[in-house]
Amino acid sequence: MANCGGLCLLVQPRIELNCINFCSANASQFSSKGTSASRAHLHRNKWEVMSSLSGSNLTMISKRLGHRGDETFDSCLLSADTSRRNSRADVLRRVVADRGTTTDEALIEDDIGIARDRVEYSWEEEWYPMYLTAEMPSNSPLGLTVFDRSLVLFYDGDGKIHCFEDRCPHRSAKLSEGQITNGNLECLYHGWQFDGTGTCVKIPQLAPGAKIPKAACTRPYEVRESQGVIWVWLSQNKPGDPKKLPWFEHYAREGFQHISSIQELPYDHSVVLENLMDPAHVPISHDRTDFAAKREDASALVFEVTERTSRGFAGKWGRFGGPTPLTSTTRFEAPCCLRNDFKIVGKDGKVDYASAVFLCRPTGQGKSMVLVRFGGTRFGNLAKSVPGWIVHSRFNRVFEEDMGFLASQNETLVRKKVATKDLYLNLKSSDTWVSEYRKWLDLTGHGMPYYFGHRSQSQSANIAVAEAAPAGLVAATASSYPARGSFGAMFARDPTNRYFRHVVHCKSCLRALNGFKKFQKIGVVLGAICTGIAITLSAGAWRATFVILALLMFAAAYACTQGIATVTQNVVRPHRR
């Protein structure tokens, strides 16, 4: 027989599931024989069976078929006439309806059967945010990556910034491990020097009178500084397109002040972007941490998509049921720029503007770097009066509270090797931007080295390396502050550590850290001296004075220890300690 004839309606749930498997197997058999009529008949019976099952059993069956990636299931969803409306979304609609929820109001449609053409896209023909201008070292090279391409930035003797391929043409050593000599970038392996055009101008090992080979040059990239950010154009075949260079109009407003930070993160840039365009998680994940967020304020949100292009999307959002629900705007712009803008109208009618900009650069499989920028016209001199390391400690806390979730999410995407539609259950009231972003990747991801889209995905050719920590006595030193340098590739710097994730990229935090270290040592030394003097004195008054001074010095040293911890140590949730 080609199908079960509805027999599974009379038996237990386990047999119901076996019956569906039997139907799928027979469908494959009939498909191979070319009996399309019998296959269509089977599909109709299959849906009749499924429509008659209980909600719990239907949930189990739909999950089983969805995880198996059953071709018969997918072809059934796309069959004509009576079967067309019975899509996977319809199955979920019945299931959620059984649970007392209207799926039309809850779940984002899967767009099954809707053809979306891929758009022409090249990841190289884009401007990538490399670094904050304020944090760029002025007298040493800086090595950075875009996807799996290694680059090096440096300032020449005239203060002009340049970008090269991070590879010496001599023996392929990293130029970022070199130094700046007479305005040239020097490889410290053999001393070859390169000027701002990438031309080699000095080889110490050349014989007298010998000319420098023409091939002794490195590949330059076009670089620009705009609104406090260093951007690099990755294509060497086409000149940089100024129209593609992002521009943030709020940063050009009079009185606009901002606070910026750099975070080097151990997960894919798409995972970070997805997290940053998800306002629904803030009250829960950052309860009483981020901008006075409270978990009891978690509620449904309203989203309105106002623009969709090959360059991204934009829209408005706000809290559901509010008097003016759509109070915020979100814009994602290729390749990796996300901004949330807010307009604040005062009682006197004065309009102030606030903006949160996140520039998320892919730095390899399972790695990314984010330039975080918060600003507004209400800040006044507040941004300048508060020490940067104090504000950054707040930023760091927020990223650390999300780190466990995002790391596990990235791991699932890499291991499952399936599109996000098979992993996510997106809600209209919270996940609209997430769904829009993953669907945008479906259109453009084919032009990237790797991506995780809504209905498609492509894994990186370079598998992410799980870096191991040293064992034994060395582990205590390597995993604690300052843990500078490394013990080779196996013991490379760990971006989950706040020191490597942020402090090494921040001049303000490094100054604060060095200051705390300096005064900590001074406090300990002075405390020890005062203690020694107090021991030698016989007069009670003088002894008491030096004992008090010793206690004050040790208290100051302890305060510096706490300052070091604030700058360098990760925040751990209380229930995980």
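For Y128 and Y221, the gap between ring centers reaches or exceeds 6.0 Å.
Not counting sequence neighbours, R361 has no partner by the side-chain hydrogen bond (donor to acceptor under 3.5 Å, both in side chains) test. Every residue two or more places apart in sequence or in another chain that forms a side-chain contact (heavy atoms from CB on, under 4.5 Å) with K507 is listed here: E135, R511. Not counting sequence neighbours, the partners of H502 by the side-chain hydrogen bond (donor to acceptor under 3.5 Å, both in side chains) test are S261, H392. Not counting sequence neighbours, N410 has no partner by the side-chain hydrogen bond (donor to acceptor under 3.5 Å, both in side chains) test. Remark: R311 engages E126 in a salt bridge (Lys or Arg N to Asp or Glu O under 4.0 Å) (not counting sequence neighbours). In terms of the ring-ring contact (aromatic ring centres under 6.0 Å, His included) criterion, residue partners of H281 (sequence neighbours excluded) are, by chain and number, H286. For A314, the side-chain contact (heavy atoms from CB on, under 4.5 Å) criterion is met by T306, E307, R331, not counting sequence neighbours. For F332, the ring-ring contact (aromatic ring centres under 6.0 Å, His included) criterion is met by F313, Y437, W440, not counting sequence neighbours. Partners of W231 by ring-ring contact (aromatic ring centres under 6.0 Å, His included), not counting sequence neighbours: none found. The ring-ring contact (aromatic ring centres under 6.0 Å, His included) test applied to F256 returns Y251, not counting sequence neighbours. For S435, the side-chain contact (heavy atoms from CB on, under 4.5 Å) partners two or more places apart in sequence, or in a different chain, are I108, N426, K439. Residues meeting the side-chain contact (heavy atoms from CB on, under 4.5 Å) test with T412, sequence neighbours left out: K416, L423.
Cation-pi contact between R253 and Y353: present, with separation from the ring centre below 6.0 Å and deviation from the ring axis of at most 45°.
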